[in-house]
Amino acid sequence: MKNAKENTFLKGIVDGIPICLGYLSVAFAFGIFAVSNGLTAFESLLISMTNVTSAGQLAAVPIIISGGTLFELALSQLVINLRYALMSISLSQKLDKNVTLLDRFIIAFINTDEVFAVATSKKEVSRQYMFGLILTPWLGWSAGTIIGAVAGSILPEIIISALGVMIYGMFIAIVVPAARDDKKVLICVIMAIVMSCAFKFVPALSNVHTGFVIIICSVVTSALCALMFPVDTQKEGA
């Protein structure tokens, strides 16, 4: 009886409310960022309603504005969001037998870090629970984006400039504590910064398009750090 209660649609909605509230502020910052870079409020909302990925959307806006190719845009999203595929595979082990293939596609669409964390904390989850759990974050992400986009269209320029750094502040808040506590993360961050600066200031590299810069920095830095700091699987398994 307890398990059935925990797998209701309403229970999923309730569990998704904290995620929804957290997404409002982040999506608000994205809305501001998008319109300040030339997108309309409708375009910003459409991106959020069909993607739900803060890092991916932040990387996509400059590519779109600069006229990047669809291949460049798709490849950058693949690199940035590849972890979601692994998370979806893991989450699939928690879904009950009544979850169909179509249900899995819908759930994977909004299988964000936070949704994944909540869902995997359960012993088993139903389609009703998962649909409730992903609904509120999606609404929060979309609502935050349109609020930010509209605000970015009507607020004074000086305020927009100040609010425009919010989303960068969010990523700094994520990266700095991890880099401070783990030397390996710090080295990875420094390598990514150096590579990014090289593409910005070295004449021979400055003509590389924004999307490919993101792809190259992400893949090369990740590969080098994987080689430099291999995980001891035997120790991890123990």
Side-chain angles (χ1 to χ4, degrees), residues 6-37 39 41-61 77 80-88 90-91 94-95 106-122 125-153 155 159-160 162-182 185 189:
E6 289 183 348
N7 274 292
T8 62
F9 180 72
L10 181 59
K11 175 61 176 173
I13 288 179
V14 172
D15 287 352
I17 289 176
I19 304 175
C20 170
L21 297 176
Y23 283 1
L24 276 170
S25 58
V26 180
F28 177 85
F30 170 73
I32 292 271
F33 173 79
V35 296
S36 66
N37 278 274
L39 296 182
F42 174 75
E43 290 168 339
S44 304
L45 175 62
L46 187 61
I47 289 174
S48 282
M49 291 181 70
T50 55
N51 288 272
V52 197
T53 162
S54 55
Q57 291 178 213
L58 181 64
V61 170
Q77 296 305 301
I80 293 171
N81 298 313
L82 189 59
R83 72 186 189 281
Y84 291 130
L86 303 177
M87 288 162 54
S88 293
S90 176
L91 179 59
K94 293 280 186 176
L95 302 178
I106 296 172
I107 293 167
F109 170 59
I110 314 181
N111 183 26
T112 62
D113 302 80
E114 295 78 15
V115 169
F116 173 77
V118 173
T120 53
S121 68
K122 310 293 182 182
V125 289
S126 68
R127 64 189 300 272
Q128 292 86 357
Y129 176 82
M130 285 305 305
F131 285 166
L133 182 63
I134 66 177
L135 177 61
T136 35
W138 182 74
L139 292 175
W141 189 254
S142 302
T145 298
I146 191 61
I147 293 171
V150 172
S153 302
L155 291 175
I159 297 179
I160 298 302
L163 293 175
V165 302
M166 287 175 57
I167 199 161
Y168 296 108
M170 179 197 72
F171 286 110
I172 291 173
I174 294 173
V175 171
V176 169
R180 179 191 58 206
D181 299 335
D182 193 327
V185 176
V189 171

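Side-chain atoms are counted along with the backbone in the values below, which use heavy atoms only and exclude waters and symmetry mates. The structure presented is a predicted model; accordingly, all values stated were derived computationally and were not measured.
Taking the side chain as every heavy atom from C-beta outward, Leu95 and Arg127 never approach each other to under 4.5 Å. Contact of the Phe131 side chain with the Ile106 side chain is registered, since non-hydrogen atoms from C-beta on lie closer than 4.5 Å. By the 4.5 Å heavy-atom criterion applied to side chains, Ile134 and Phe109 are not counted as neighbours. Side-chain atoms of Val35 and Val150, non-hydrogen and from C-beta on, never get closer than 4.5 Å to each other.
Under a 3.5 Å cut-off, the side chain of Ser48 and the backbone N or O of Leu45 do not form any donor-acceptor pair. At distances below 3.5 Å, not a single donor-acceptor pair connects side-chain atoms of Glu114 with backbone N or O atoms of Ile19. Panel note: side chain Ser153, backbone Ala149; a donor-acceptor pair is recorded below 3.5 Å.
For the residue pair Gln57 and Val52, the shortest heavy atom distance occurs at OE1-N, 3.1 Å. For Gly12 against Thr136, the heavy-atom pair with the smallest separation is O-OG1, 4.4 Å. The two residues Val118 and Ser121 have their closest heavy-atom pair at O-OG, 2.5 Å. Closest heavy-atom contact between Ile172 and Pro177: O-CD, 4.0 Å. Minimum interatomic distance between Ser88 and Asn111 (heavy atoms only, all atoms of both residues): OG-ND2, 3.1 Å. In plain terms, the two heavy atoms of Lys122 and Tyr129 that are nearest each other are CE-OH, 3.2 Å.
In this structure, Asn51 CG and Asn81 CG are separated by 8.0 Å, a value rounded to the nearest 0.5 Å. To the nearest 0.5 angstrom, Thr53 atom OG1 is 6.0 Å from Gln77 atom CD. Separation of atoms CG (Leu58) and CZ (Phe33) is listed at 4.5 Å; rounding is to 0.5 Å. One finds the CG atom of Leu139 at 8.5 Å from the CD1 atom of Ile110 (value rounded to the nearest 0.5 Å). Annotation: the span from Ile147 atom CD1 to Ser44 atom OG amounts to 13.5 Å, rounded to 0.5 Å. The distance from atom CG of Leu91 to atom CE of Met130, rounded to the nearest 0.5 Å, is 5.0 Å.
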Check step by step if side chain to side chain contact (heavy atoms under 4.5 Å, CB included) holds for Leu10 and Gln128. CA-CA 8 Å; Leu10 181 59; Gln128 292 86 357; over 6 Å; no

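For Thr112 and Tyr84, the side-chain atoms include no donor-acceptor pair closer than 3.5 Å.
Using cut-offs of 30° and 60° for the angle between ring planes, the Trp141 and Tyr23 rings count as perpendicular.
In this structure Asp182 satisfies the salt bridge (charged side-chain N to carboxylate O under 4.0 Å, His left out) test with no other residue, sequence neighbours excluded.
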